[in-house]
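Just so we're clear, the structure is a prediction, and the values are computed from it rather than from any experiment. Just so it is clear, the values below take in all heavy atoms, side chains as well, and ignore hydrogens, waters and symmetry mates. Note on naming: letters A, B, ... go to the chains in the order of the sequence lines (proteins, then strands), and numbering restarts at 1 for each one.
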Number of protein chains: 2
Amino acid sequence: MHAVQTAPVEVSVASLCKCLGDELRLGLVCLMGTDREVCVCDLVAALDAPQSTISRHLAQLRQCGLVVARRQGTWMYYRINGALPEWALTVIESMVVEGRRQLGLRPLQGHCC
Amino acid sequence: MHAVQTAPVEVSVASLCKCLGDELRLGLVCLMGTDREVCVCDLVAALDAPQSTISRHLAQLRQCGLVVARRQGTWMYYRINGALPEWALTVIESMVVEGRRQLGLRPLQGHCC
DNA sequence: TTCGTATATCCGGATTAACGAATATATTAA
DNA sequence: TTAATATATTCGTTAATCCGGATATACGAA
């Protein structure tokens with residue numbers, strides 16, 4: 001399991017933090033965890049925000065290199081970018097654990113679709 | 001050495017990230033590291049920004065609980081708040097190491113004053 | 001006291017970011 | 001084709017953030 005990564009992607013510490021400095025984006029990342037693939041409809045349902053808002057924030061996370069997306073039919077699945085450098089994955093993992101606690105979120109299991 | 005901490009302070013993951021999501025504030029934290037006390041004049045010199053700007057960002061870090069200040073005469077010394085919870089200190093340490101690399105900063109040694 | 005230095009705060013203006021309804025695009029099924 | 005569903009993007013409005021000169025405050029020395 002656990003797909004092996006290609007060469008690490010450069011990510012700026014400040015832009016990573018800026019991404020996670022928004023509660024909605026932090027919530028998205030917390031729902032994914034570092035190893036889970038989730039589809040947009042689940043994220044919309046779990047965070048109870050308008051679809052356009054979720055989609056916009058996902059685009060930001062993607063543009064930052066923090067997450068990657070995979071299309072399957074009409075659905076889009078998002079996950080943390082496994083090609084992130086070690087330090088970034090470590091940071092994300094630590095924050096996700098605490099972030100879930102603070103935001104009262106559980107990692108999403110199974111797919112809605 | 002290494003002062004023992006009192007009870008951990010609650011810090012929100014999102015607000016910690018928001019703090020570190022600004023390059024100037026990230027620079028300040030990188031110059032302090034997790035165990036160094038630095039005075040404002042050194043920070044102003046090292047980051048080459050107006051004193052009022054530095055002071056404003058330091059106030060934000062302080063208000064977030066990320067740093068604590070100690071006055072000594074006319075000088076103010078700042079350091080990372082040792083009472084931060086474990087996860088926060090871990091996150092900061094990881095980001096500081098990489099942040100220094102990206103911003104081209106060295107931890108400040110010795111005092112200007 | 002007064003002066004000089006170090007730091008903090010104020011404030012108006014500029015820039016950036018977040019929002020969400022409306023609309024566009026992509027895909028599948030019929 | 002068309003319709004239906006899932007997701008992305010646009011756009012105008014509102015809110016938050018950043019900046020830095022000017023000013024205020026705190027302290028030590030004289």
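A side-chain donor-acceptor contact under 3.5 Å links B:Arg70 and B:Gln72. Side-chain N/O atoms of A:Gln102 and A:Arg100 include no donor and acceptor closer than 3.5 Å.
In terms of polar N and O atoms assigned as donor or acceptor, the side chain of B:Gln51 never comes within less than 3.5 Å of the base of C:dA6 in a complementary pairing.
Between D:dA8, C:dA21, C:dA18, one nucleotide has an atom nearer to the side chain of A:Arg62 than all others, and that is D:dA8. Among the nucleotides D:dT9, C:dT7, D:dC19, the one closest to any side-chain atom of B:Arg56 is D:dC19. The side chain of A:His57 has C:dA18 as its nearest neighbour among D:dA6, C:dA18, D:dG20. Out of D:dT9, C:dT9, D:dC18, the shortest distance to the side chain of A:Ser52 is found at D:dT9. Distance from the side chain of B:Arg71 is smallest for D:dA26 among the nucleotides D:dA26, C:dT9, D:dT7. The side chain of B:Thr53 sits closest to D:dG20 out of C:dC19, D:dT9, D:dG20. When each of D:dA8, C:dA6, C:dG20 is scored by its nearest atom to the side-chain atoms of B:Trp75, the top-ranked nucleotide is C:dA6.
Put simply, A:Leu103 and A:Val29 are part of the same group of oily side chains (I, L, V, M, F, W, Y) that touch within less than 4.5 Å, one to the next. Both A:Leu105 and A:Met95 belong to a single network of hydrophobic side chains, linked directly or stepwise wherever heavy atoms of I, L, V, M, F, W or Y lie under 4.5 Å apart.
For B:Asp48 and D:dC19, the CG to C1' distance is 15 Å, given to the nearest whole Å. Taking atom CG on B:Leu28 and atom P on D:dC18, their separation rounds to 12 Å, with Å as the unit. When rounded to the nearest whole Å, the span between CG of B:Asp42 and C1' of C:dA6 equals 12 Å. A straight line from NZ of A:Lys18 to C1' of D:dA16 spans 13 Å, rounded to a whole angstrom. In this structure, B:Leu43 places its CG atom 12 Å from C1' of C:dT7, rounding to the nearest Å. Atoms CG (B:Leu24) and P (D:dC19) sit 6 Å apart, rounded to a whole Å. Rounded to a whole Å, the CD atom of A:Gln63 is 14 Å from the C1' atom of C:dT16. The distance from atom CG of B:Leu47 to atom P of C:dT7 is 14 Å, rounded to the nearest whole Å.
At the phosphate of D:dA6, neither OP1 nor OP2 sits under 4.0 Å from any side-chain N or O atom of A:Tyr78.
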Show your reasoning for whether side-chain contact (heavy atoms from CB on, under 4.5 Å) applies to A:Leu20 and A:Arg25.
CA-CA 6 Å; A:Leu20 299 178; A:Arg25 286 190 298 267; 5.6 Å; no

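In terms of position along DNA chain C, the nucleotide closest to A:Ala49 lies nearer the 5' end than the nucleotide closest to the other residue of the pair A:Ala49 and A:Thr74.
Across all strands, B:Gln60 comes closer than 4.0 Å only to sugar-phosphate atoms, never to a base (heavy-atom distances).
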